[in-house]
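Right, one structure below, let's go through it.
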Number of protein chains: 2
Amino acid sequence: MSTTGRGLHGHVLETLGPAITAGEYPPGSVLRTDELAQQFDVSRSVMREAVRVLESMHLVESRRRVGVTVRPKSEWNVYDPQVIRWRLAGADRPHQLRSLTVLRSAVEPVAAGLAAKNATAEQCAELTECALGMVANSRGHQLEGYLFHDIAFHRVILNASGNEMFARLGDVVAEVLAGRTHHEVMFEDPDPAAVTLHVQVAEAVRARDAARAEHLVREITVGALQELDILAPGK
Amino acid sequence: MSTTGRGLHGHVLETLGPAITAGEYPPGSVLRTDELAQQFDVSRSVMREAVRVLESMHLVESRRRVGVTVRPKSEWNVYDPQVIRWRLAGADRPHQLRSLTVLRSAVEPVAAGLAAKNATAEQCAELTECALGMVANSRGHQLEGYLFHDIAFHRVILNASGNEMFARLGDVVAEVLAGRTHHEVMFEDPDPAAVTLHVQVAEAVRARDAARAEHLVREITVGALQELDILAPGK
DNA sequence: GTGACAAATAAGTCTGACTTTTTCTTCCCG
DNA sequence: CGGGAAGAAAAAGTCAGACTTATTTGTCAC
């Protein structure tokens, strides 16, 4: 699942990244490369590479005679999959989950509309297959099977949209859906209405009915947003 | 405007990044660190740092005994502002511009709806100010003045949405809008209908009318999409 | 107080030697 | 003739140390 772990510099990132995104170093904090290198027991070259990566994510800024200063959250590259993973793994998880769900609610309906126009026959078939898989696993606490097909379904929609930016959100959506099943409370079987909606989306895409596909997915994402409000009301 | 240029490794990135995103090295191409270091006349340490950054953008993958292999476009971190800049600066510009405009058409309406709910009094004022600035610069070929207020307007909307992911798209939107004025053909004064829409959006947000704000911005983005189809018709 | 000059500091750079992993080659045995 | 194991080769990965350079801070004279 994790992509970085390779190499010493990857190990450093796997520790420093989460620490920074978790807010352990408040914005403006100053770190020194040599000091960090000692703490992590690696050479300065390795630490420098790690710092360069953090810098490319806009998590920190390296300036001469000053050191490595932590940037405010508002400047982070919050679309970097690595940053998203780190934040989802830390204390910021609920907030990040909400942000991503809102993003989903904006992107997925439009993606579905485009998918209805651009999906290949093969993608239509995959979509139907996923929807059927969801139906088959929708009762009797087969949450894992349901999740698997749910993720695949949304991935196909995003890919079929034909927009590369949408397609790259597949992992994000997967993370959000998986989080809902694994971390959040999920005793019950999935909402039957949601299952029906997915089946109807597959139909709409197959029928090239863009407006209907968009509307249906909008209903799905509205449901996801409401779910969040139930779990963590307020604001 | 450019963020990277600092340091030797930044200079290398400024050359290698655009080259890769422009497709000069086809996916699967193998580069060797030492060779690159020689070509750019920098030490291996510097080149390694550059490669690490490219790796964190998923543009390349570094493997032992193999070298630095270029990854397929489908794996790039296409939301990385740096990658976006590089692609906008290269041959991929039209395609990238289209992707981003589609993304805008998904995100901005939803952001406007949220802004109507969450905008502070100050943000409402800024919004009105921007809209007025657009009106004032909408006639007589004052394209730069118009662009300035247009960018500010959309930035305020995205920030006022209260969603960090939306807020971080401010630079992207700015880039798209600026591109339309500077690179694409733009002899005429801006479409009066678009100007009116912006004013109405400011009103809707001030009136806390989320549905109306969302609808109005959707009209704006639809206009932007149509503009693209006029300039580069087909698919 | 202001401006210039000097010192301190931490990042930036380079080099060369060494290690480790992975792949290719070769060669022997079945 | 095929397959697998041992060895060689190649390139990234790691480390240590010396040196450079930009930036800040502090001081002193005016």
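Every chain is numbered from 1 and lettered A, B, ... according to where its sequence line falls, protein lines coming before strand lines. Excluded from the calculations below are hydrogen atoms, water molecules and symmetry mates; all remaining heavy atoms, backbone and side chain alike, are included.
- Put simply, CG on B:Leu36 is 12 Å from P on D:dA11, counting in whole angstrom units.
- For the residue pair A:Trp86 and A:Met57, the shortest heavy atom distance occurs at CZ3-SD, 3.7 Å.
- A sub-4.0 Å separation between OP1 or OP2 of D:dT24 and a side-chain N or O of A:Arg63 is present.
- Listed pair B:Thr33 / D:dA11 fails the phosphate criterion, with no side-chain N or O lying under 4.0 Å from OP1 or OP2.
- Counting to the nearest Å, the C1' atom of C:dA10 and the CD atom of A:Glu61 are 15 Å from each other.
- The pair A:Glu175-A:Arg85 does not meet the salt-bridge criterion, since no charged nitrogen lies less than 4.0 angstrom from a carboxylate oxygen.
- Using a 4.0 Å cut-off between charged side-chain N and carboxylate O, B:Glu126 and B:Arg155 make no salt bridge.
- Under the ring-ring contact (aromatic ring centres under 6.0 Å, His included) criterion, no residue pair touches residues 5-32 of chain B, with sequence neighbours excluded.
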Worksheet item: How does each nucleotide of nucleotides 13-21 of chain C score, in 5' to 3' order, for protein heavy atoms under 4.0 Å: base (B), sugar-phosphate only (S), or none (-)?
Response: BBBBB--BS

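- Here D:dA12 presents its P atom at 14 Å from CG of B:Leu54, a figure rounded to the nearest Å.
- A salt bridge links B:Arg52 and B:Glu55; the closest N-O separation between the charged side-chain nitrogens and carboxylate oxygens is under 4.0 Å.
- Evaluated for a side-chain contact (heavy atoms from CB on, under 4.5 Å) with A:Asp150, the options A:Asn137, A:Leu177, A:Thr181, A:Val173 yield exactly one hit, A:Leu177.
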